[in-house]
Amino acid sequence: MQKIVSLCKRRGFVFQSSEIYGGLKSAYDYGPMGVELKRNIIHEWWRAMVHSREDIVGLDASIMMHPEVWRASGHLASFSDPLVDCKVCGERFRADKAPRAEPGSEAIITLSDKGKAKLALEKVAKTIGVELAREGKTLRGAHASDRGYVCSNCGSPFLSEERQFNMMFRTNLGPVDPIGRAVEEVMALIERSPAASPETAAELKTLLARAVTDSAVYLRPETAQAMFVNFMNIVQSNQMSVPFGIAQTGKSFRNEITVEHFIFRSCEFEQMEMEYFVPPGEGPKWMEYWKSERVRWWKAIGLRPENLRLRAHEPDELAHYSDGCYDVEYKFPWGWDELEGIASRTDYDLTAHTKGSGKKLSYFDPEATDPETGKKGWRYVPHVVEPAAGATRGMLAVLCDAFDDSEPSEEGKPQRIVLRLRPRIAPIKCAVLPLVKKDGMPEAGRKIVEEFLAAGINSSYDEQHAIGKRYARHDEVGTPYCLTVDGQTKEDGTVTIRDRDTRAQQRIPVKAALEVVIEALRKG
RNA sequence: GCGGGAGUAACUCAGUUGGUAGAGUGCCAGCCUUCCAAGCUGGGAGUCGCGAGUUCGAAUCUCGUCUCCCGCUCCA
């Protein structure tokens, strides 16, 4: 993994955001190679999901939406989980997932070793004023509070207040600074009740929350909601008939509790989501269809089958909106992890937005038979099957899968690294290299690049350093073909074409080389 | 967020008991070069992560802070 991160920086795929200022956690910038790779992956997705079929149309919605969208979808509620800090071991955990403990029952605190237990003993005595008894690394004598749970790490009942932790990024729409309003509220409150008291604190909290949330909008935590909200617009403007899908790619934002594994989990990430609307009852059928379709696609962009698997969600890990979910998982260097979730969202979202907005979000099929009346013509709320893939994650998986440094290195030479990317997603399709920088070779080379560019093939001309170094550099960014211009080129118009994976070279006319590259792109 | 490790040039790393900052690779300019990162000459490059403290003097010792990596919790 370290090698991949290092290659990404060295060759211009991914840089850490704001690096010269010390970097910003969990934010990454995509360099010249990275932007090509990511766009190519997203483009392949769009081609597979939208352009190569008639039943799916695209959408590009704004990132900020009406705040009621998130209330209706359940994100405002389920993204604000009550978090608690343990005063003994410092662990932060979700109150609703903590171990239950009968109020008043003994709570045994277990630390990782005796030293920590000793320190904890003193800490509890000093800060909380409770004397406990120590036996090795466990502390006895504490009792569970009437909250009914204890620390998920050490078992202590000495906990901070529950705090809401909103996973959505909140900002404020409008030119009026909410801080200004908050200040006014505070000043008014001080005048009303100058003494500090728990009641004043509670009132202050309410006032401040209102000052901030009145103009609050959220950065979308998923692109999906825009597709539900625009359901009727799209049905009516494009005469879509069920089953059909709406596809969208774009950035989403989540305040993750932890960010990790390079670009794998970051607060700002890019999604490729599609909502497929089907008649009630046909959900399972389409789940099966999209499961195989999506795995097929990941293989098509180059991931090895042995590194891909489908995993069914356990009932207890299903999201609030879902009655069935499969993850497409990839075997990353740190283990199996999720690339895409294929979820049956039932009619949850359309129903929720019907309730939230008061607008009817349903579909009328004049041909279908209404199962209740037995008559022709059926109005229903479609069910949704959602393949939601991570573009950012996809790119990391592609990089991991293509990365190859297994070739034994020769004495005294640096390790050869090759990115074995499929031609279609490779940032540069073809590099044109003059063997030496003289005898008209640079001019001939540039002419060839122009020809390739005119044919719509992203190519690059490179004359720096010795030929071997240039080959190595292009191997590292995954360029599938290198054309080398030599002395013979100006005599008979031929070049040598070098295959990245085999390093085999062949002398062919420039025109034939163009055909080879075009054919490779056609195949994938 | 907690525990463990790390941060010195673009990269990989040296740097002695505290005494003015080093190498290789890369990069830039020029020369030379006819096929897989090894030629020659010259050049630029470092707030030693950041901020305090101890000291006559800190890359080196202490504290704080930020960032990254490895383990625990959730998502695409």
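Computed from a prediction, not measured in an experiment: that's the story for all the values here. Protein chains get the first letters and strands the later ones, always in sequence-line order, with residue 1 at the start of each.
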For the rings on [X] and [Y], is their centre-to-centre separation under 6.0 Å?
{"X": "A:Phe231", "Y": "A:Phe277", "value": "yes"}
{"X": "A:Tyr28", "Y": "A:Phe262", "value": "yes"}
{"X": "A:Trp334", "Y": "A:Phe264", "value": "yes"}

Out of the candidates A:Arg503, A:Arg416, A:Arg500, only one should pair with A:Asp475 under the salt bridge (Lys or Arg N to Asp or Glu O under 4.0 Å) rule; please name it.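 Looking at A:Arg503, A:Arg416, A:Arg500, the match for A:Asp475 under the salt bridge (Lys or Arg N to Asp or Glu O under 4.0 Å) is A:Arg416.
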Under the rule for salt bridge (charged side-chain N to carboxylate O under 4.0 Å, His left out), what residues qualify as partners of A:Arg220, not counting sequence neighbours?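 In terms of salt bridge (charged side-chain N to carboxylate O under 4.0 Å, His left out), with neighbours along the sequence ignored, A:Arg220 is linked to no residue.
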Return no unless some side-chain N or O of [X] is found under 4.0 Å from OP1 or OP2 of [N].
{"X": "A:Lys437", "N": "B:rU33", "value": "no"}
{"X": "A:Gln464", "N": "B:rC27", "value": "no"}
{"X": "A:Lys9", "N": "B:rA10", "value": "no"}
{"X": "A:Gln16", "N": "B:rC68", "value": "yes"}

Output every pair passing side-chain hydrogen bond (donor to acceptor under 3.5 Å, both in side chains) with a member in residues 424-447 of chain A, not counting sequence neighbours, ordered by first then second residue.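 Listed by first then second residue: A:Glu44-A:Arg424.
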Applying side chain to side chain donor-acceptor pair (under 3.5 Å), can you list everything that pairs with A:Arg470, at least two apart in sequence or on another chain?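 By the side chain to side chain donor-acceptor pair (under 3.5 Å) rule, A:Arg470 matches no residue at all.
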Applying a 3.5 Å limit to both distances, which nucleotide forms a Watson-Crick or G-U wobble pair with [N]?
{"N": "B:rC72", "result": "B:rG1"}
{"N": "B:rU54", "result": "none"}
{"N": "B:rC40", "result": "B:rG30"}
{"N": "B:rU67", "result": "B:rA6"}

Option passing ring pair (Phe, Tyr, Trp, His ring centres under 6.0 Å) with A:Trp290 (candidates A:Trp297, A:Tyr326, A:Tyr276):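 The ring pair (Phe, Tyr, Trp, His ring centres under 6.0 Å) with A:Trp290 is passed solely by A:Tyr276 among A:Trp297, A:Tyr326, A:Tyr276.
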Output the single nucleotide from B:rC35, B:rA76, B:rC69 whose closest atom is nearest the side chain of A:Tyr28.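 Among B:rC35, B:rA76, B:rC69, the one nearest the side chain of A:Tyr28 is B:rC69.
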Checking contacts here: which listed nucleotide (B:rC35, B:rC75, B:rA37) is nearest the side-chain heavy atoms of A:Glu338?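 The listed nucleotide nearest to A:Glu338's side chain is B:rC75.
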Can we say A:Arg311 and A:Asp337 salt-bridge, meaning some charged N sits less than 4.0 Å from an Asp/Glu carboxylate O?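 Between A:Asp337 and A:Arg311 there is no salt bridge, as every charged N stays at least 4.0 Å from the carboxylate O atoms.
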Does any donor-acceptor pair link the side chain of [X] with the base of [N] at a separation under 3.5 Å?
{"X": "A:Arg498", "N": "B:rC36", "result": "yes"}
{"X": "A:Arg265", "N": "B:rC74", "result": "yes"}
{"X": "A:Arg393", "N": "B:rC75", "result": "yes"}

Separation between the [atom1] atoms of [N] and [M], rounded to whole Å:
{"N": "B:rA21", "M": "B:rG57", "atom1": "C1'", "value": "16 Å"}
{"N": "B:rU16", "M": "B:rC61", "atom1": "C1'", "value": "16 Å"}
{"N": "B:rU20", "M": "B:rA38", "atom1": "C1'", "value": "35 Å"}
{"N": "B:rA10", "M": "B:rC28", "atom1": "C1'", "value": "13 Å"}
{"N": "B:rU65", "M": "B:rG43", "atom1": "C1'", "value": "38 Å"}
{"N": "B:rG30", "M": "B:rU47", "atom1": "P", "value": "28 Å"}
{"N": "B:rG53", "M": "B:rA58", "atom1": "C1'", "value": "11 Å"}
{"N": "B:rC35", "M": "B:rC69", "atom1": "C1'", "value": "40 Å"}

Within the sub-3.5 Å range, which N or O atoms of nucleotides 41-50 of chain B have a protein N or O partner, and how far apart are they?
none

Taking any heavy-atom pair under 4.0 Å as a contact, classify A:Thr392: base, sugar-phosphate, or nothing.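 Answer is nothing: A:Thr392 stays at 4.0 Å or more from every strand.
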Under 4.0 Å, counting only non-hydrogen atoms across every strand here, what does A:Met441 touch: a base, just sugar-phosphate, or nothing?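 It contacts base atoms.
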Contacting residues from residues 469-478 of chain A, given that a heavy atom lies under 4.0 angstrom of RNA chain B: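 A:Lys469, A:Tyr471, A:Ala472, A:Arg473, A:Glu476 - these, ordered by number, are the residues of the stretch whose heavy atoms sit under 4.0 Å from the strand.
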Sequence-distant partners of A:Ala426, side chain to side chain contact (heavy atoms under 4.5 Å, CB included), two or more places apart: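 A:Ala426 satisfies side chain to side chain contact (heavy atoms under 4.5 Å, CB included) with A:Leu421, A:Pro480 once adjacent residues are dropped.
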